[in-house]
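Structure record follows, encoded as structure tokens.
Ligands are counted one by one from 1 in listed order, and the atoms in each one are counted from 1 as well. Keep in mind that what you see is a predicted model, and the values were worked out from it rather than measured.
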Amino acid sequence: MRHKILVTGGAGYIGSHTTLALLEADYDVIVLDNLSNSSKASLERVGDIAGRKPLFIEGDLRDAALVNQIFKDHPIESVLHFAALKSVEESVREPLRYFENNLFSTMTLCQAMASANVFNLVFSSSAVVYGTPSIVPIAENHPVGQTTNPYGRSKFMIEQMLTDLAHSDPRWKIAILRYFNPVGAHASGRIGEDPNGIPNNLLPYICRVAVGTLTELKIFGNDYPTIDGTGVRDYIHVLDLANGHLSALDAIRKNSGTHIWNLGTGQGHSVLEVVKAFEAISDRPIPYKIAPRRAGDVAACFANVSKAERELGWKATYTLNEMLRDAWKWQSTNPLGYK
Ligand code: NAD
Ligand code: WQD
């Protein structure tokens with residue numbers, strides 16, 4: 001019988017790519033998603049590509065009765081927990097909604113897992129927990145918690161909650177994965193990132209300028225102490241990220257406790273480097289203007305990935321050009337996303 005996995009937030013950007021990777025690796029997948037930031041179409045397309053569908057349950061992770069029932073109905077062995085609200089900007093405006101959604105959904109999930117004797121959990125954390133890094137590349141033992149916004153604090157609080165949980169009961173096997181900047185899409189161009197409204201993140205914004213739904217990119221600051229003055233980030237292909245989850249799942253099944261891994265490439269690229277590379281790949285101009293720095297941004301943020309390489313036997317493989325090529329294939333073939 002196939003290993004059965006519950007994927008929370010599996011209709012979303014990273015969850016849909018990871019669901020596909022799980023199906024391709026012969027897992028059975030149940031997705032629970034309330035579609036608050038996604039579309040069912042992503043999972044239909046995942047099913048087309050894989051030739052096998054995940055079971056989709058539309059519902060909210062904060063609904064304890066529903067979540068308990070899912071564990072009663074299905075012999076789930078492990079959970080990948082992606083479901084969360086993720087906009088930094090929105091979290092500053094609506095902190096309670098962010099804490100309520102992100103914390104309460106994780107608590108409900110962990111309670112239901114413990115009741116069902118399911119203890120393997122992979123959690124989507126973020127480099128945002130490092131706050132303003134005191135040193136780059138950032139290793140997992142860099143201090144955390146000096147986060148600059150409620151979204152980041154919700155991730156930090158969940159990390160602490162999961163660590164306390166694992167201390168309380170040695171049956172828990174928990175991976176905390178700190179993603180750097182996920183970009184790109186499946187090479188088919190059929191699934192990809194489709195944020196609601198005007199994107200906050202660089203790549204989706206550039207993609208929309210390239211297809212003409214937005215007119216011009218604002219580059220937030222060109223006076224940082226970086227190679228060209230613009231912000232430097234560690235962009236990682238979403239397919240590399242998806243594979244990192246499979247490696248983390250294998251690793252925790254052999255080891256109790258909480259384990260933290262950075263998932264990045266270890267390489268930093270500036271905003272201008274990304275813009276130039278994207279223009280070359282898409283053959284479209286990306287008009288931009290330099291705007292003031294964005295509140296809460298840091299100059300440079302990239303990962304030390306040696307722990308993940310050593311302990312997971314995992315390494316990111318895609319280059320920046322390949323990430324941009326795949327992001328552009330998705331956006332150019334789906335100019336309106338899933339709509
Ligand atoms: P996404 O918004 O595309 O996916 C999240 C999914 O969770 C959505 O489909 C949404 O509908 C669902 N969801 C939210 N609250 C829910 C709830 N209460 N019940 C059920 N479903 C719910 O985001 P993503 O980019 O795929 O991010 C996935 C995870 O990775 C999130 O936890 C996010 O915080 C984390 N992360 C993302 C990034 C990034 O840049 N994309 C970076 C670091 C960490
Ligand atoms: C990248 C670079 C911007 C948009 C965020 C979250 C983080 C994580 C990933 C979830 C920066 C610059 C951006 C634009 C720009 N998400 N930029 N013009 O800020 O590194 O990380 O997403 O966990 O928590 O904070 O990503 O893509 O927004 O920005 O100049 O319109 O692009 O200043 O240097 P960031 P980003």
Side-chain angles (χ1 to χ4, degrees), residues 7-18 31-40 42-43 57-63 66-67 80-89 91 97-98 100-106 108-109 123-131 147-149 151-152 154-155 158 177-183 192-196 198-206 208-209 214 216-222 224 226 230-236 238 241-242 245 263-264 268-272 274-275 288-302:
V7 178
T8 77
Y13 170 46
I14 304 168
S16 58
H17 286 83
T18 308
V31 168
L32 174 63
D33 199 303
N34 64 5
L35 302 181
S36 58
N37 196 38
S38 52
S39 150
K40 223 171 26 192
S42 64
L43 293 175
I57 300 170
E58 183 174 345
D60 198 296
L61 197 46
R62 291 163 295 177
D63 179 347
L66 170 69
V67 180
L80 303 195
H81 176 33
F82 295 96
L85 298 173
K86 65 160 181 179
S87 159
V88 167
E89 193 197 21
S91 79
R97 186 158 81 89
Y98 269 67
E100 203 270 339
N101 190 77
N102 294 358
L103 296 175
F104 194 41
S105 58
T106 307
T108 309
L109 173 67
F123 170 63
S124 302
S125 190
S126 166
V128 74
V129 300
Y130 295 119
T147 43
T148 55
N149 55 74
Y151 163 72
S154 78
K155 290 289 174 189
I158 293 169
L177 302 182
R178 294 181 181 151
Y179 312 158
F180 280 66
N181 290 60
V183 295
E193 187 170 12
D194 183 23
N196 286 330
I198 297 177
N200 294 311
N201 294 115
L202 181 65
L203 236 291
Y205 202 105
I206 289 179
R208 294 208 184 166
V209 172
L214 291 169
E216 148 184 279
L217 172 73
K218 287 193 201 67
I219 295 185
F220 299 134
N222 67 347
Y224 286 107
T226 60
T230 64
V232 165
R233 296 292 182 274
D234 185 339
Y235 298 96
I236 173 170
V238 67
L241 198 64
H245 290 72
L263 295 185
H269 293 284
S270 76
V271 177
L272 277 172
V274 173
V275 170
Y288 67 83
K289 76 164 178 249
I290 304 297
R293 290 182 179 193
R294 183 172 66 177
D297 270 356
V298 301
C301 175
F302 52 99

Is the closest side-chain heavy-atom distance between L66 and D60 below 4.5 Å?
no
Is there at least one pair of N or O atoms, one from L61 and one from ligand 1, spaced under 3.5 Å apart?
yes
In terms of atom number and element, which parts of ligand 2 are under 4.0 angstrom from non-hydrogen atoms of S126?
10 (C), 23 (O), 24 (O)
Is the closest side-chain donor-acceptor distance between N222 and T230 under 3.5 Å?
no
Could you pull out, from S39, G9, A84, the option with a heavy atom nearest to atom 14 (C) of ligand 1?
A84
NZ/NE/NH1/NH2 to OD/OE distance under 4.0 Å, E89 and R294
no
Ligand 1 contact by S16, heavy-atom criterion under 4.0 angstrom
no
Short N/O distance, under 3.5 Å, between P182 and ligand 1?
no
At less than 4.0 angstrom from any non-hydrogen atom of D60, what atoms of ligand 1 do you find?
17 (C), 18 (N), 19 (N)
Under 3.5 Å between any N/O of F82 and any N/O of ligand 1: does that happen in this structure?
yes
Ligand 1 atoms in contact with A83 (distance to a heavy atom under 4.0 Å)
7 (O), 13 (N), 16 (C), 21 (N), 22 (C)
Could you list which atoms of ligand 1 come closer than 4.0 Å to a heavy atom of S125?
43 (C), 44 (C)
Option of least heavy-atom distance to atom 24 (P) of ligand 1 (set: H17, E100, K86, H81)
K86
If we only count N/O pairs under 3.5 Å, is S105 in contact with ligand 1?
no
As an exercise, identify every atom of ligand 1 less than 4.0 angstrom from a heavy atom of R62.
18 (N)
For atom 8 (C) of ligand 1, what is the nearest protein heavy atom, given as residue, atom name and distance?
D33 OD2, 3.5 Å
Under 4.0 Å to a heavy atom of N181 - the qualifying atoms of ligand 2, by number
20 (O), 21 (O), 26 (O), 35 (P)
Going by ring pair (Phe, Tyr, Trp, His ring centres under 6.0 Å), name the residues that satisfy it together with H245, two or more places apart in sequence or in a different chain.
F82, Y179
Report yes if some N/O of Y13 lies less than 3.5 Å from some N/O of ligand 1; otherwise report no.
yes
In terms of side-chain geometry, is the basic nitrogen of R178 or D234 positioned less than 4.0 Å from the acidic oxygen of its partner?
no
Could you tell me which atoms of ligand 1, counted from 1 in the order shown, lie closer than 4.0 angstrom to a heavy atom of L35?
11 (O)
Has Y179 got any heavy atom lying under 4.0 angstrom from an atom of ligand 2?
no
Heavy atom of G10 under 4.0 Å from ligand 1?
no
Cationic tip of R233 within the cone over F180's six-membered ring, i.e. under 6.0 Å and within 45° of the normal?
no
Distance filter under 4.0 Å to D297 heavy atoms, resulting ligand 2 atoms:
3 (C), 19 (O), 33 (O)
Selection from N34, T106, T8, L43 by shortest heavy-atom distance to atom 17 (C) of ligand 1
N34
Compute the minimum heavy-atom distance from Y235 to ligand 2 and say whether it is under 4.0 Å.
yes
Tell me whether E193 reaches ligand 1 (any heavy atom closer than 4.0 angstrom to a ligand atom).
no
So, regarding N37 and ligand 1 (criterion: nitrogen or oxygen to nitrogen or oxygen, under 3.5 Å), is there a contact or not?
yes
Show me which atoms of ligand 2 lie under 4.0 Å from any heavy atom of R294.
3 (C), 4 (C), 13 (C), 19 (O), 28 (O), 29 (O), 36 (P)
Can an N or O of Y151 be found at a distance shorter than 3.5 Å from an N or O of ligand 1?
yes
Within ligand 1, which atoms have a heavy atom of K155 less than 4.0 Å away?
31 (C), 32 (O), 33 (C), 34 (O)
Backbone or side chain, does any N or O of S36 fall under 3.5 Å from an N or O of ligand 1?
yes
If you have a sec, work out which protein heavy atom is nearest atom 37 (C) of ligand 1 and how many Å separate them, to one decimal?
I14 CD1, 3.8 Å
Is the side chain of T18 donor-acceptor paired with the backbone N or O of G15 at a distance under 3.5 Å, no angle test?
no
May I ask you to list the atoms of ligand 2 that are less than 4.0 angstrom from any heavy atom of I219?
30 (O)
Under 4.0 Å from a heavy atom of S38: which atoms of ligand 1 are those, numbered in the order shown and with their elements?
8 (C), 9 (O), 11 (O)
For Y179 and ligand 1, does the shortest N/O to N/O distance drop below 3.5 Å?
no
Going by the atom numbers of ligand 2, which of them fall below 4.0 Å from some non-hydrogen atom of K218?
14 (C), 15 (C), 18 (N), 30 (O), 31 (O)
Counting from 1, what ligand 2 atoms have a heavy atom of V88 closer than 4.0 Å?
6 (C), 25 (O)
Please list, in number order, the atoms of ligand 2 under 4.0 Å from a heavy atom of Y151.
10 (C), 23 (O), 24 (O)
Per-atom contacts, ligand 1 versus N101 - under 4.0 Å to a heavy atom
15 (N), 17 (C), 18 (N)
Determine yes or no for a side-chain-to-main-chain donor-acceptor pair under 3.5 angstrom, with D33 supplying the side chain and L35 the backbone.
yes
Results of side-chain contact (heavy atoms from CB on, under 4.5 Å) for A295 - residues two or more places apart only
none
Flag for S124-H81: side-chain donor and acceptor within less than 3.5 Å
no
